[in-house]
Structures are given as structure tokens and as C-alpha cells.
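Heads up: the structure comes next, in C-alpha cells.
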Amino acid sequence: MTEVSSDIETVVESSRLPRRLKDEVYETIAARGVTAEEATAITDAVEDRYLDTRIDPLDPVGTVSAQSIGEPGTQMTMNTFHYAGVAEIDVTQGLPRLIELVDARKTPDTPMMTVHLEDEYAEDREKAHEVVWDLEATKILALGDISTNVADMLVRVDLNEGTLAERWPTVGDVEEVAIEIADIIEDSLGVDTARDGMVIEFGPEQPSYRDLFRLVEQLRDVTFKGIEDVTRVVIRKEQLADGREEFVLYTEGSAFGDALEIEGVDASRTTCNNIHEIFRVLGVEAARETIIEETMNTLEEQGLDDVNVRHLMLVADIMTNDGTIQSIGRHGISGSKDSVLARAAFEVTVNHLLDAAVNGEIDDLNGVTENVIVGKPIKLGTGDVDLRMGATSREGRPAEGDAESESEAQAD
Amino acid sequence: MVDVSQHNLVPEHAILDEAGVETVLEEYGVDRTDLPKITRRDPALPDDADVGDVIEITRESRTAEKALVYRLVVES
């Protein structure tokens with residue numbers, strides 16, 4: 001904090017401003033060099049403006065949020081692929097991404113992770129590559145050639161020594177890797193293998209063309225190293241705030257829980273764009289945080305960063321209110337409203353009315369939608385405040401001339 | 001296992017004692033069941049938290065300094 005005299009500090013500290021605004025006031029005061037009286041005036045003015053901009057009781061914040069996100073939404077692109085910064089990785093952006101987020105889809109269209117690395121891994125390209133190979137799913141086609149020997153009913157795999165050495169940098173001997181690969185083939189395909197150096201051969205139990213080709217098909221799907229769901233990893237050098245550089249990995253496909261377990265991965269900064277995975281691994285609060293972050297990023301990417309973050313915070317709060325992730329919409333929040341009329345007004349009107357009739361539901365008319373439908377004042381803003389003129393006399397007091405009982409505003 | 005509480009996205013979770021719960025419910029004028037919920041299986045929950053406990057979450061707020069929010073632990 002910048003230097004200010006202690007009496008100015010007492011004035012600012014005793015105001016009802018949040019920390020951030022207090023700091024800003026200090027900054028301004030210190031930069032201008034003002035007197036104690038001026039500082040008090042400044043603080044009072046800031047406090048007035050701050051209290052003025054707060055939401056009034058009974059303000060319809062949800063409606064305001066809906067419009068504040070909805071209007072910019074009309075200016076979003078219908079579909080854009082490509083991620084700002086990492087051109088090689090395709091990521092759903094724009095309106096489809098926003099819809100995907102508020103619908104709380106189980107898996108996003110283009111799942112991805114941003115993997116940060118621990119210090120020694122982040123600075124050394126070789127070390128960073130170790131993590132890449134632990135993440136990226138390695139299939140047999142990346143390791144060598146497959147050929148089928150129809151005469152002897154054998155599948156033959158010629159492993160590429162160079163590739164093995166590259167992808168298993170921690171294992172010294174390539175032979176060992178070849179043994180490991182043979183084991184994986186035996187386990188996942190249920191066949192016996194014969195290995196000679198870099199060549200692995202195996203075949204079906206009974207000579208059969210169909211089984212032979214089926215084995216080749218299965219072999220292509222086996223993951224030998226890395227995480228099954230991670231199909232591609234891009235490594236990028238990024239500038240840190242303090243001027244240092246670090247390697248950051250971007251993945252196509254995600255497996256957040258598994259990725260955090262990998263050695264070298266910084267489990268405090270690594271994130272993923274699948275809110276359900278975050279929810280499973282880190283809990284609701286982290287999911288809430290991710291919803292805000294992802295929606296904000298989606299809007300920002302489209303140049304709509306003037307949407308106030310409070311609206312997105314409200315959306316995230318409501319989506320995570322019951323301890324799990326609920327979608328906004330018919331299957332989530334809107335569908336679980338108490339009022340029949342409110343639900344019917346949203347989507348699939350007839351179904352809701354029919355179900356309600358069958359179950360004998362009662363509508364208490366507490367919400368906004370249902371009161372608009374029946375033509376009653378809604379319980380928002382002035383609609384929820386009763387104003388009573390003092391006509392009745394209270395015990396022990398004269399009915400007239402008593403200022404206190406003349407009018408009385410009461411909110412219930 | 002990864003220590004979930006170390007992740008940047010996870011704010012501090014602490015069990016609120018009964019006296020604290022009373023104060024909070026009084027301040028907001030709500031019932032215990034009106035609070036937002038957190039499931040018992042939530043990975044960020046303190047180990048000794050049980051159904052019916054109120055969890056105090058200290059968020060690093062985007063708009064204010066620190067934001068205290070409360071969640072009631074519920075079954076699933």
C-alpha cells in the first residue's frame with residue numbers, strides 16, 4: 001500500500017467500502033497529495049457512489065442478468081473453431097459454447113485441458129516432453145508397422161526403436177519397452193505373443209481370416225502409454241507475469257482426474273473445460289468457479305467483455321445451488337420451479353398442464369410468471385411493498401396528529 | 001490421491017460450529033435448509049463433515065475482498 005497519513009487511514013478504514021475500493025482510494029490520495037479534509041471528502045463521495053450502485057432490495061436481478069447475457073449473445077458467432085493462442089487445437093467457441101455451458105452438457109463438444117507443470121518440468125523442454133508422453137494416448141501405429149502374414153496366420157509388429165526410446169525416455173533399455181508392449185498386447189487381446197528384438201508376432205488360436213483381421217483391428221485401439229481420452233497434446237512456451245518462461249501443455253480430449261496424478265503435473269493450476277469433470281474431482285465450488293471463468297472467457301473471446309461478471313456469478317450460483325451442477329432450462333432450473341403456470345409458460349406447455357392436472361397440483365402464485373399470467377401484481381420492486389395510511393388508531397394514542405402512525409411502509 | 005484443497009479453484013472449506021450456524025441463520029433470516037447445498041461426496045469437503053453440518057466457504061471474491069458463503073451438507 002502507498003503511504004498516507006494515519007488520520008486519513010482512519011477515515012478510509014471506517015468507511016463502508018470494500019477492500020479493493022479502499023486500496024484504490026489510497027492510491028489516488030497518495031498520487032495527488034491531498035489534505036486530510038479533502039481526503040475525507042473524497043472518501044465520502046466514493047462511499048456515496050458505492051452505496052448508490054448497490055442493488056436495491058426487491059430488484060429483479062435474475063431478469064437483469066438474463067437480459068445482460070442474452071443481448072450480447074445475439075451478437076455472437078454461430079460457430080467458430082480455433083482457440084485464441086493455440087491455433088493448432090480446435091475448441092468450440094461463441095454461442096455453441098455458451099449454450100453448452102448453461103445446458104451443463106455431460107461432455108463438451110471439444111474437451112480440452114490446460115496442463116501446467118511443476119517447476120523443473122516447466123522449464124526444461126525434455127522434462128516437459130516426458131509429461132507429454134504420459135498424457136498423450138500412444139497407439140500401435142505410432143510405434144511401428146503392422147503387417148499380416150496370411151500364410152502363417154500371424155500378425156507381425158515391427159517396432160521402431162527410435163520412437164520407443166523417445167516415448168519411454170525414463171526407461172534405459174529399448175528391449176524392456178518391447179517386452180512391456182508385448183505384455184500389453186497379451187493382456188488386452190488375450191493372445192500369446194512371440195518376441196524377437198523389435199518384432200512381435202502373434203496370431204489367433206484357430207486359423208481364421210476373420211479372427212486374424214479382428215486382432216489387427218483391436219490392436220489399433222489399444223493404448224500403450226498415456227491417457228486413453230487424450231488424443232493430442234500441444235506444447236507451448238508461455239511468458240509468466242514475472243518475466244520467466246514456462247512450458248504449458250494443451251490437450252485435445254480430457255481426463256482431468258488422471259492428469260492430476262501424473263508426475264510433473266502441477267495439481268494446483270491445471271484446469272479443464274469440462275465442468276462435470278471439475279465437479280467430480282474438485283467439488284461444487286471449483287465447478288462454480290469454472291462456470292464463471294469459462295462463460296467469461298467465451299464472451300471475452302467474442303469481444304463482449306463488457307458483460308459484468310456479477311451476472312455470470314449469479315448464473316453459476318444458481319447452477320450449483322443444490323450441490324450438483326444443474327442446467328438452466330427445462331431439465332434443470334426452469335423445470336424444477338414450484339409453480340405449474342411458470343413451468344408451463346416456459347416450454348412444452350401442454351405436458352406440464354396435463355401432468356399437473358393428473359397429479360392435482362396447486363399453484364400458490366408466489367412467483368413472477370404465474371402472477372403475470374393471472375393478472376396480479378408481481379412481488380418485485382414496488383409490487384412487494386405495502387403502503388398503509390394511518391387510519392386505525394392504536395391503543396393509548398390519539399388517531400390524529402400523530403406523525404408516527406400517519407404512514408408506514410411495510411415490506412413483507 | 002491429489003490434495004484437492006491445494007488447487008487454485010478450490011476455496012477454503014471449514015465446518016461451522018453450532019453457535020456460528022445460529023448467528024448466520026439469524027443474520028440472513030433463513031432456515032438451515034434454505035442454504036445452498038453441498039453433497040456429502042464432495043471432494044473438497046473436510047473429512048469429518050457430516051450430513052446436516054454447515055460449511056463455511058471463504059471465496060476469493062471477484063467483486064469484493066473475501067466472500068463468506070455457507071453450504072449445508074446433504075446426502076448425495
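Reminder, nothing fancy here: chain letters follow the sequence lines and each chain counts from 1.
- For the set A:K22, A:E293, A:R288, the count of heavy-atom pairs under 4.5 angstrom toward chain B peaks at A:R288.
- Only the side chain of B:R71 comes within contact range of chain A, judged by heavy atoms closer than 4.5 Å.
- The 12-atom threshold is exceeded at CD of A:Q239, counting heavy atoms of other residues, nucleotides or ligands nearer than 6.0 Å.
- Here the side chain of A:E47 pairs a donor or acceptor atom with the backbone of A:R16 at under 3.5 angstrom.
- The side-chain hydrogen bond (donor to acceptor under 3.5 Å, both in side chains) check on A:N321 picks up nothing, with sequence neighbours excluded.
- With a threshold of 4.5 angstrom between heavy atoms, B:R41 does not approach chain A through any atom at all.
- With chain B as the partner, the residue from A:D266, A:L260, A:L282 showing the most heavy-atom pairs under 4.5 Å is A:L282.
- Counting only heavy atoms from C-beta outward, the side chains of A:V12 and A:Y26 approach each other to under 4.5 Å.
- A:Y250 is not listed as a side-chain neighbour of A:M113, based on a closest heavy-atom distance of 4.5 Å or more.
- Only the side chain of A:I278 comes within less than 4.5 Å of a heavy atom of chain B; its backbone N, CA, C and O stay farther away.
- Put simply, of A:E285, A:R20, A:R310, the one with the most heavy-atom pairs under 4.5 Å next to chain B is A:E285.
- Counting only distance, with no hydrogens or angles, the side chain of B:D34 and the backbone of B:D31 share a donor-acceptor pair below 3.5 Å.
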Got a list of side-chain donor-acceptor pairs under 3.5 Å for residues 5-16 of chain B, not counting sequence neighbours?
from	atom 1	to	atom 2	distance (Å)
B:S5	OG	B:D3	OD1	2.9
B:H7	ND1	B:L9	N	3.0
B:H7	NE2	A:T270	O	2.6
B:N8	ND2	A:S268	O	3.3
B:H13	ND1	B:P11	O	2.9

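- For residues 21-28 of chain B, heavy-atom neighbours of chain A at less than 4.5 Å comprise no residues at all.
- With sequence neighbours excluded, no residue forms a side-chain hydrogen bond (donor to acceptor under 3.5 Å, both in side chains) with A:T107.
- The 12-atom threshold is exceeded at CG of A:D242, counting heavy atoms of other residues, nucleotides or ligands nearer than 6.0 Å.
- In this structure, the portion of A:V309 lying under 4.5 Å from any heavy atom of chain B is its side chain and not its backbone.
- Most heavy-atom pairs under 4.5 Å with chain A, from the set B:V74, B:T63, B:L72: that is B:T63.
- Between A:F279 and B:D42 there is a side-chain heavy-atom pair separated by less than 4.5 Å.
- Both the backbone and the side chain of B:I38 come within less than 4.5 Å of a heavy atom in chain A.
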